[in-house]
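Below is one structure; the comments refer to it alone.
We're numbering straight along the sequence, starting at 1.
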Amino acid sequence: MFFCWVLGIVTASADCSILATDVETGAQVAHLENAHEDAVNTLINVTETTIASGDDKGCVKIWDTRQRSCSHEFNAHEDYISGMTFASDSMKLVVTSGDGTLSVCNLRTSKVQSQSEFSEDELLSVVIMKNGRKVICGTQNGTLLLYSWGFFKDCSDRFVDLAPNSVDALLKLDEDRLITGCDNGIISLVGILPNRIIQPIGSHDYPIEDLALSHDKKFLGSTAHDSMLKLWNLEEILEGSNVNSGNASGAAEDSDSDNDGMDLDNDPSKSSKGSKRKTKSKANTLNATNNFFADL
């Protein structure tokens, strides 16, 4: 997996290393040979000077790119880290794992602030929506789990229309819509609260690995197990969906009445996690993150 950082690309590998490469010269900027004790499965940009990495054994590390050292380490999970997203306003990292749980890691206190109860299936992807009030997780059985911010013990809603295809990739388009990538190769535009499949966008012949938007959101990039990168022009799709969803967001705001601003669930030790999965649905694959097309 990789992402663009300033003028460089940061990559993580199954050999437990993290590498930063200058995109103009191809020169190695930094190389952490033993960044993790196990294969690095997930890597995201957190701030301008920090990145987060997750490995196959459930360990999450925060790296200071200036010092080239680990500043935080979290060990809340028992299986591979499948997805991560960052809430910059509260400095909290939301993490999903193959052990079926979601955790919230507080970078200010260096503690795991909250952890969900064990889900019946692996959590594979995660995004934050509704102006920070909802966390959406994709699962192996195709259900989207909706968590209210501050109430992470159990999900507040489920969206099952994508089942039985596992939701391997999620990409936030705006506060009301996201793009899903499933193991049947289908890419779809999905509305959240009200929950609905708005329309398909495109497809690969193999499971989707990752999704990324251009800086102006006119183009969508997708990668899959067929080792192919595809670009999709979203302008016509967005114009059509905006007309159809004119009043949907307002209705969603009225129906979503959780007290989401409160930071509750502060005792992660009470989480009841299930047994470790025998297999992994996505590990050590090449993933393009949201800022991959930032310079298009």
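- Looking at Glu37 and Lys57, their side chains never come closer than 4.5 Å, going by heavy atoms from C-beta outward.
- Using modelled atom types and a 3.5 Å distance limit, the side chains of Ser148 and Lys134 yield a donor-acceptor pair.
- The side-chain heavy atoms of Phe219 and Leu213, taken from C-beta on, include no pair separated by under 4.5 Å.
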| said: Would Val10 and Leu43 count as a side chain to side chain contact (heavy atoms under 4.5 Å, CB included) here? Give the steps. | reply: CA-CA 9 Å; Val10 180; Leu43 186 72; 3.7 Å; yes

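- There is no side-chain donor-acceptor pair under 3.5 Å between Thr85 and Lys172.
- Put simply, the side chain of Ile18 does not reach to within 4.5 Å of the side chain of Thr11, judged on heavy atoms.
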| said: Let's go through Ile208 and Thr223 carefully: what are the C-alpha distance in whole Å and the side-chain angles of both, what is the deciding distance for side chain to side chain contact (heavy atoms under 4.5 Å, CB included) to 0.1 Å, and is it a yes or a no? | reply: CA-CA 6 Å; Ile208 304 299; Thr223 59; over 6 Å; no

| Test log, rule side chain to side chain contact (heavy atoms under 4.5 Å, CB included), inputs Ile192 and Asp176 | CA-CA 5 Å; Ile192 297 297; Asp176 301 311; over 6 Å; no

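- The shortest side-chain heavy-atom distance between His31 and Ser17 falls under the 4.5 Å cut-off.
- Cluster membership for Ile197 and Val160, using ILVMFWY side-chain heavy atoms within less than 4.5 angstrom, is not shared.
- In terms of heavy-atom proximity, Asn131 sits nearest to Glu175 at N-OE1, 2.6 Å.
- Side-chain heavy atoms closer than 4.5 Å link hydrophobic residues (I, L, V, M, F, W, Y) into clusters, and following such links, even through other members, never connects Leu19 to Val46.
- A donor and an acceptor atom, one from each side chain of Asp216 and Ser214, are located under 3.5 Å apart.
- Linking ILVMFWY side-chain heavy atoms closer than 4.5 Å, directly or via other members, places Met91 and Ile44 in a single hydrophobic cluster.
- Note that OG of Ser97 is 8.5 Å distant from CD of Glu122, once rounded to the nearest 0.5 Å.
- The CZ atom of Arg133 sits 12.5 Å away from the CZ atom of Phe151 when rounded to the nearest 0.5 Å.
- Side-chain contact, Thr50 with Trp63: no donor N or O sits under 3.5 Å from an acceptor N or O.
- Nearest heavy-atom pair, Phe86 versus Leu107, reported as atom, atom and distance to 0.1 Å: CE1-CD2, 3.9 Å.
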| message | Using the rule given for salt bridge (charged side-chain N to carboxylate O under 4.0 Å, His left out), can you reason through Arg66 versus Asp64, listing the C-alpha separation, both sets of side-chain angles and the distance that settles it, and then say yes or no? | response | CA-CA 5 Å; Arg66 297 164 298 183; Asp64 187 324; 3.3 Å; yes

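- No donor-acceptor pair closer than 3.5 Å links the side chain of Asn165 to the backbone N or O of Gly142.
- No side-chain donor-acceptor contact under 3.5 Å links Ser188 to the backbone of Val190.
- Scored by the side-chain hydrogen bond (donor to acceptor under 3.5 Å, both in side chains) test, Asn195 finds Asp157 as partners (sequence neighbours excluded).
- Note that CG of Leu93 and OG of Ser103 are 7.5 Å apart. Values are rounded to the nearest 0.5 Å.
- Under the 4.5 Å side-chain heavy-atom criterion for Ile, Leu, Val, Met, Phe, Trp and Tyr, Trp232 and Leu211 are members of the same hydrophobic cluster.
- Side-chain atoms of Ile128 and Val94, non-hydrogen and from C-beta on, do get closer than 4.5 Å to each other.
- In this structure, Phe152 CZ and Ser114 OG are separated by 6.0 Å, a value rounded to the nearest 0.5 Å.
- Taking 4.5 Å as the limit, some side-chain heavy atom of Ile81 sits within range of a side-chain heavy atom of Thr42.
- Of all the heavy atoms in Ala76 and Val112, the pair that sits closest is CB-CG2, 3.8 Å.
- Taking the side chain as every heavy atom from C-beta outward, Thr139 and Leu144 never approach each other to under 4.5 Å.
- Taking 4.5 Å as the limit, some side-chain heavy atom of Cys105 sits within range of a side-chain heavy atom of Val95.
- The SG atom of Cys59 sits 12.5 Å away from the CG atom of Asn41 when rounded to the nearest 0.5 Å.
- Screening Ser82, Ser125, Ser119 against Thr96 for a side chain to side chain donor-acceptor pair (under 3.5 Å) leaves a single residue, Ser82.
- When all heavy atoms of Gly100 and Ser116 are compared, the pair lying nearest together is O-OG, 4.4 Å.
- The two atoms that bring Val126 and Met84 nearest to each other are CG1-N, 3.8 Å, heavy atoms only.
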| What do the steps show when you test Leu123 against Leu102 for side chain to side chain contact (heavy atoms under 4.5 Å, CB included), and what is the final call? | CA-CA 8 Å; Leu123 304 186; Leu102 171 149; 4.0 Å; yes

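- Counting only N and O atoms by type, the side chains of Gln115 and Thr101 include a donor and acceptor under 3.5 Å apart.
- Considering every non-hydrogen atom in both Ser203 and Lys230, the closest pair reads O-NZ, 3.0 Å.
- For Ser71, the side-chain contact (heavy atoms from CB on, under 4.5 Å) partners at least two apart in sequence or on another chain are Ile62.
- In this structure, NE2 on His204 lies 9.5 Å from CD on Glu209, to the nearest 0.5 angstrom.
- Applying side chain to side chain donor-acceptor pair (under 3.5 Å) to Asn106 and the options Gln113, His72, Lys111 leaves one that passes, Gln113.
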